[in-house]
Amino acid sequence: MKEDNLEKKAAIKKPDAENPYTLLDLKLTPVKTWSAGIPAVLAAFADLIEEKAVIRGTKALFKMNQAGGFDCPSCAWPDPDDERSPIGEYCENGAKALAEEATSKRVTPEFFKVNSVFELAKLTDYEIGKMGRLTDPVYLPENATHYVPISWDDAFKKIAQHLNELKDPNEAAFYTSGRTSNEASFLYQLFAKEFGTNNMPDCSNMCHETSGSALRPTIGIGKGTVTLEDFYDTDVIVIIGQNPGTNAPRMMSALAKGKKNGAKIIAINPLPEAGLFGFRNPQEISGILGDGDKLADLYLPVKINGDMALLKALECFLVDFERKSPGEVFDREFIKEKTTGYDAFVERVEGYNAEELAQLSGVPLSAIYDAAQMIAFKKRIIVCWGMGLTQQPNGVHMIREILNILLLKGSIGKQGAGVCPVRGHSNVQGNRTMMIDEKPTDEQLDRLQAYFGFNPPRAHGYDVVRAIKAMDEGKVKLLFCMGGNFLSATPDTTYTANAIRKLNLIVSVSTKLNRGHLVHGKESIILPTYGRSDEDIVKGQVQIVSTENSMGVVQSSKGMLKPVSDNLVNETQIVCRMAMATLGDRSVVNWQLYHDSYNAVRDAIEKCIPGFENYNERVREKAGFYLPNAARDGKFITKNFGDRAPFTLTELPDNKLDDDEYMMATTRTHDQFNTTIYGLDDRYRGIKNERRVVFMNQVDIEKGGFKAGDKVDLFNYDDGIERIAPLFIIVSYQIPERNTVTYFPETNVLVSINNVVEESNMPASKYVRIKIRKHTPEIFERVKKIEASS
Ligand SMILES: Nc1nc2c(c(=O)[nH]1)N[C@H]1C(S)=C(S)[C@@H](COP(=O)(O)OP(=O)(O)OC[C@H]3O[C@@H](n4cnc5c(=O)[nH]c(N)nc54)[C@H](O)[C@@H]3O)O[C@H]1N2
Ligand SMILES: Nc1nc2c(c(=O)[nH]1)N[C@H]1C(S)=C(S)[C@@H](COP(=O)(O)OP(=O)(O)OC[C@H]3O[C@@H](n4cnc5c(=O)[nH]c(N)nc54)[C@H](O)[C@@H]3O)O[C@H]1N2
Ligand code: SF4
Ligand SMILES: [Mo]
């Protein structure tokens with residue numbers, strides 16, 4: 001009894017929203033200049049062994065990304081349309097993602113009985129993730145210390161009761177991470193809209209919202225325009241702000257193939273990432289025994305956010321070359337027929353001084369000249385980008401600047417040319433196609449209304465940042481999370497944790513335990529569900545679901561592993577049961593039909609979303625089908641510019657730093673999937689057994705009076721508020737001066753909720769002004785004070 005009381009008191013002290021502030025035992029290993037190869041194969045299998053899933057996992061690996069198999073749950077890189085390698089169409093990180101899912105370790109109700117929420121929160125994210133798969137629904141009552149079992153029916157009753165008690169449907173928000181299938185996503189947004197809200201924050205709001213915001217008004221579609229085939233026959237591939245060797249590893253094979261066929265590669269990144277320089281294909285003998293493929297022909301070590309200056313300097317050269325060889329550099333016909341705003345754009349470029357721009361970018365002018373030379377007389381250029389651009393305050397404009405260059409060259413909407421935003425989560429693009437969007441268009445809503453017969457809400461809802469603020473202000477009282485880890489993926493951890501604690505109820509549909517389950521509202525419910533690799537049987541039949549990859553291909557996915565528990569429910573049925581429990585007779589949707597049949601869901605999708613004609617038939621074709629993409633075909637149907645793509649006039653950012661300030665980009669290690677920490681190494685960057693590191697240039701280390709290996713604390717002072725990430729180790733690294741890199745989620749605590757990307761409102765988590773000071777033990781007291789007062 002006494003112990004129970006103590007425990008309650010402890011629980012009131014708030015479970016930690018942060019990883020423990022302790023250091024492991026950092027070892028430095030050589031930084032790599034090529035990716036994959038034998039170490040990648042070994043690493044893939046090491047994870048299966050650790051997860052006690054060797055037999056299950058190996059069996060599944062051979063079905064992953066194969067026609068008739070299941071879609072890799074990790075990233076959104078596409079599979080080849082034609083022949084697939086019988087040895088395997090997966091990479092090291094796909095295998096790790098699978099090992100996480102296929103694990104035979106289990107988090108059962110007994111686990112929750114012996115482990116209080118408070119105690120669990122003292123573990124690291126790595127330890128929490130390694131506990132295993134969730135097996136049963138559990139419920140945390142108000143003021144309770146432990147999750148307790150709850151039946152599915154009771155869970156839905158509780159959720160329904162909470163939803164129906166809200167004064168306004170907009171007091172609820174429905175978050176989506178990017179793994180949810182098309183079928184479940186469609187029903188999920190349908191439910192939110194029938195319930196009455198467009199509050200659908202999703203992981204896109206932290207990821208590629210910036211790309212959509214940049215592309216939709218300019219080329220008429222918020223997606224990429226290239227296909228995998230384009231990589232194989234092109235002249236130049238530019239990779240800017242993206243780390244393919246870690247985050248889309250099979251992109252390396254496409255780059256190598258393009259390169260073999262004559263393409264040149266330009267890499268633009270503050271860090272010399274291994275995957276940009278070389279690739280040893282573990283699926284080819286030459287990759288195992290030989291030197292592999294050399295990739296980047298030119299590497300431009302841009303400063304964080306120096307990309308705008310760099311792109312403009314590049315344009316200065318292009319304009320100059322064109323002046324000297326009229327018609328040979330720019331595609332005059334394309335510009336005349338398909339674009340608008342050319343003259344004003346060129347005038348703007350002519351006003352710049354290339355030397356000054358180069359200074360701002362951090363890249364020598366001669367190297368930018370070389371890049372200009374490489375693209376000036378080529379017509380087929382592909383530009384790929386990732387979070388290095390999208391998570392910058394001016395990311396929308398930087399992407400439009402890339403587009404400016406492609407428009408000058410007529411290098412979009414033709415074979416071997418175009419834009420390639422490399423999407424993150426395996427079905428994040430499909431989620432958006434299925435209308436998971438806080439700002440659906442009238443056309444989308446009209447079609448839904450016509451088919452289902454209810455009036456969907458028209459007012460825009462909350463995105464991620466706005467949802468957190470609304471939670472803090474008490475305007476959102478219930479957060480439903482379809483996958484993901486809302487707490488740790490979002491910025492300003494202390495503020496966000498506090499906002500979550502104000503909720504009446506948080507519901508998480510999850511495969512694995514994460515910190516987001518431990519920092520909770522007054523009440524909390526966890527609903528365990530299937531992963532992509534799990535066999536999903538409905539009415540005695542094994543089901544397929546579908547997903548859309550980075551290049552707009554919709555494919556089927558059929559899980560094959562026996563689920564870890566008989567008490568899991570698939571996401572589609574979770575939505576249907578929640579809808580029936582909440583809306584009852586109020587609903588005009590036949591939820592029972594969709595509950596029982598994925599085919600019926602696909603039929604409804606076909607009626608409501610263009611491009612899905614004969615969905616049920618075509619999704620069963622071997623390589624799936626491409627969604628329509630007018631920009632890919634060279635048609636730019638824009639809202640404000642008719643059938644023309646506009647040149648955009650952009651500004652240079654002011655990146656001046658105070659004397660003791662550094663710019664920090666938060667990034668991923670090679671051993672994590674977002675907030676899921678597979679392991680504690682970052683092999684390619686030479687880091688072993690530590691995540692609390694800060695990469696610094698040696699010049700800065702010395703100027704700051706530090707030494708490599710010193711322990712430091714990191715601070716941010718945006719909005720006049722002190723934010724602290726204590727206890728990091730300095731690692732001397734090849735990175736531009738005054739720039740630093742750290743890993744998220746540990747440094748999300750430093751990212752102000754107000755530090756957002758213009759237009760897309762995404763957290764600008766690669767543009768964080770920090771101060772670095774020698775570590776003092778007293779810092780922990782200060783951190784505690786900040787947490788207590790928030
Ligand atoms: N294994 C694995 N795969 C993943 C993920 C994962 O966590 N693990 N996450 C998935 C998801 S959701 C996403 S969105 C993608 C993310 O994939 P990426 O877009 O590659 O994401 P990051 O690792 O955050 O960082 C991208 C790169 O941006 C660079 N960078 C930072 N600042 C700047 C800058 O100012 N300019 C330029 N040019 N570059 C800069 C960094 O050095 C880094 O190399 O990967 C997906 N795939
Ligand atoms: N500082 C900083 N912050 C960032 C980023 C950054 O670069 N820097 N990147 C941002 C980006 S690009 C993204 S996409 C977000 C990611 O944000 P999220 O998508 O919210 O986070 P994840 O870590 O991918 O979610 C992991 C959890 O999803 C659950 N899960 C896994 N598979 C499934 C499944 O099949 N179904 C269900 N229902 N649940 C599943 C598991 O419980 C797991 O713990 O983070 C963002 N946050
Ligand atoms: S590239 Fe991405 S989708 Fe393909 S196997 Fe690797 S992690 Fe999975
Ligand atoms: Mo992402």
Side-chain angles (χ1 to χ4, degrees), residues 36 40 44 61 64-65 71-79 88-98 177-179 202-209 211 238-254 267-276 300-308 310-311 361-363 384-395 398 421-426 428 484 489 532 547 549-550 653 655 663-678 682 684-685 695 735-736 739-741 743-744 762 764-768:
L61 263 185
M64 193 153 89
N65 294 331
D71 184 36
C72 172
S74 189
C75 82
W77 190 254
D79 308 309
E89 279 292 349
Y90 58 86
C91 69
E92 171 190 352
N93 279 336
K96 287 185 198 162
L98 176 69
S177 168
R179 282 197 182 168
D202 69 346
C203 72
S204 276
N205 298 148
M206 299 180 270
C207 185
H208 270 292
E209 189 75 56
S211 306
V238 181
I239 308 166
I240 176 166
Q242 191 223 341
N243 181 14
T246 287
N247 295 322
R250 277 192 317 150
M251 180 174 169
M252 310 302 292
S253 333
I268 305 176
N269 198 310
L271 298 185
E273 306 284 28
L276 300 171
L300 307 180
V302 69
K303 275 190 197 161
I304 293 174
N305 201 269
D307 306 81
M308 183 62 109
L310 190 155
L311 293 166
S361 77
V363 178
C384 312
W385 66 83
M387 300 301 100
L389 288 196
T390 64
Q391 297 175 343
Q392 296 290 340
N394 55 340
M398 286 201 283
V422 181
R423 304 298 300 242
H425 266 297
S426 60
V428 61
R532 195 65 64 63
T547 57
N549 64 35
S550 227
N655 288 335
M663 191 55 80
M664 175 182 81
T666 59
T667 179
R668 296 154 166 77
T669 69
H670 191 64
D671 244 0
Q672 72 185 83
F673 190 90
N674 300 336
T675 70
T676 300
I677 311 302
Y678 299 145
D682 193 6
Y684 295 155
R685 299 192 187 117
F695 292 101
I735 181 173
N739 283 186
T740 64
V741 160
Y743 303 139
F744 92 98
M762 274 185 31
S765 37
K766 297 228 182 338
Y767 189 88
V768 186

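Counting starts at 1 for both ligands and their atoms, in listed order. Here the structure is a predicted model, which is why all the values come from computation and not from measurement.
For the pair N739 (side chain) and I304 (backbone), a donor-acceptor distance under 3.5 Å is present. Checked by atom type and distance alone, the side chain of S765 never pairs as donor or acceptor with a backbone atom of Q391 at under 3.5 Å. A donor-acceptor pair under 3.5 Å is formed between the side chain of N655 and the backbone N or O of N305. Put simply, the side chain of R423 never gets that close to the backbone of H208: no donor and acceptor are under 3.5 Å apart. K303 contributes no side-chain N or O that, together with a main-chain N or O of S361, makes up a donor-acceptor pair within less than 3.5 Å. A donor-acceptor pair under 3.5 Å links the side-chain atoms of Q672 to the main chain of F744, judged by distance alone. In this structure a side-chain-to-backbone donor-acceptor pair under 3.5 Å is missing from N243 to G275.
Scanning all heavy atoms of the two residues, the minimum distance from P244 to Q242 falls at CD-O, 3.2 Å. Nearest heavy atom pair, residue C203 against residue H425, reads SG-CD2, 3.4 Å. In terms of heavy-atom proximity, A76 sits nearest to N549 at O-CB, 3.3 Å.
Heavy-atom proximity to atom 20 (O) of ligand 1, evaluated over D671, L300, N243, is greatest for N243. Comparing I240, N655, N305 against atom 35 (O) of ligand 1, the shortest heavy-atom distance belongs to N305. When the heavy atoms of N674, N739, I735 are ranked by distance to atom 7 (O) of ligand 1, first place goes to N674.
Taking any N or O of E273, backbone or side chain, at least one lies under 3.5 Å from an N or O belonging to ligand 1. Ligand 1 has no N or O atom lying under 3.5 Å from any N or O atom of S74, backbone or side chain. In terms of N/O distances under 3.5 Å, ligand 1 is approached by R668. Among the atoms of Q391, none of the N or O lies under 3.5 angstrom from an N or O of ligand 1. At least one N or O atom of Q672 sits closer than 3.5 Å to an N or O atom of ligand 1. For ligand 1, one of its N or O atoms has an N or O atom of D307 under 3.5 Å away. At least one N or O atom of N269, backbone or side chain, sits closer than 3.5 Å to an N or O atom of ligand 1.
When each atom of ligand 3 is checked for a heavy atom of P249 under 4.0 Å away, the hits are 1 (S). Residue C207 has at least one heavy-atom neighbour below 4.0 Å for each of these atoms of ligand 1: 14 (S). Close contacts between ligand 1 and H425 involve ligand atoms 12 (S) [criterion: under 4.0 Å to a heavy atom]. Set against the non-hydrogen atoms of T246, the atoms of ligand 1 under 4.0 Å away are 1 (N), 2 (C), 3 (N). Counting the atoms of ligand 1 from 1 in the order shown, those under 4.0 Å from a heavy atom of N93 are 1 (N). The ligand atoms of ligand 1 that sit less than 4.0 angstrom from a heavy atom of I268 are 38 (N). Under a 4.0 Å criterion applied to the non-hydrogen atoms of C72, ligand 3 contributes the atoms 3 (S), 5 (S), 7 (S), 8 (Fe). Near C75, the atoms of ligand 1 lying under 4.0 angstrom from a non-hydrogen atom of the residue are 47 (N). Residue G386 approaches ligand 1 through these ligand atoms, each under 4.0 Å from one of its heavy atoms: 19 (O). Per-residue contacts place Y90 under 4.0 angstrom from the following atoms of ligand 3 (heavy atoms of the residue considered): 5 (S).
At a heavy-atom distance under 4.0 Å, atoms from both the backbone and the side chain of I304 approach ligand 1. Using a 4.0 Å cut-off between heavy atoms, N65 contacts ligand 3 through its side chain alone, with no backbone atom that close. Here V741 has no heavy atoms under 4.0 Å from ligand 1, in either its backbone or its side chain. Residue contacts with ligand 1 for N247 involve both N, CA, C or O and side-chain atoms from C-beta outward (heavy atoms, distance under 4.0 Å). Of all the heavy atoms of S74, the ones lying under 4.0 Å from any atom of ligand 3 belong exclusively to the side chain. With a heavy-atom cut-off of 4.0 Å, Q392 touches ligand 1 through its side chain alone. Here M387 has heavy atoms under 4.0 Å from ligand 1 in both its backbone and its side chain.
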Test K766 against M663 for side-chain contact (heavy atoms from CB on, under 4.5 Å), laying out the working first.
CA-CA 8 Å; K766 297 228 182 338; M663 191 55 80; over 6 Å; no
Check the pair M308 / Q392 against side-chain contact (heavy atoms from CB on, under 4.5 Å), numbers first and verdict last.
CA-CA 11 Å; M308 183 62 109; Q392 296 290 340; over 6 Å; no
List the steps and the verdict of side-chain contact (heavy atoms from CB on, under 4.5 Å) for R685 and T667.
CA-CA 12 Å; R685 299 192 187 117; T667 179; 3.7 Å; yes
If you apply the rule side-chain contact (heavy atoms from CB on, under 4.5 Å), what do you find for W385 with V238, and how did you get there?
CA-CA 8 Å; W385 66 83; V238 181; over 6 Å; no
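Within the structure, ligand 1 has P270 among the residues with a heavy atom less than 4.0 angstrom away.
The aromatic rings of Y684 and H670 sit tilted, their planes meeting at an angle between 30° and 60°.
Closest protein heavy atom to atom 4 (Fe) of ligand 3: R250 NE, 3.0 Å. Of all protein heavy atoms, the one closest to atom 2 (Fe) of ligand 3 is C75 SG, 2.3 Å. For atom 28 (O) of ligand 1, the nearest protein heavy atom (residue, atom name, distance) is G388 CA, 3.3 Å. Atom 15 (C) of ligand 1 has as its closest protein heavy atom G424 CA, 3.8 Å.
At least one N, O or S atom of C91, from either the backbone or the side chain, sits less than 2.8 Å from atom 6 (Fe) of ligand 3.
A side-chain donor-acceptor contact under 3.5 Å links T547 and D71. For the residue pair R532/S426, the side-chain donor-acceptor check at 3.5 Å is satisfied.
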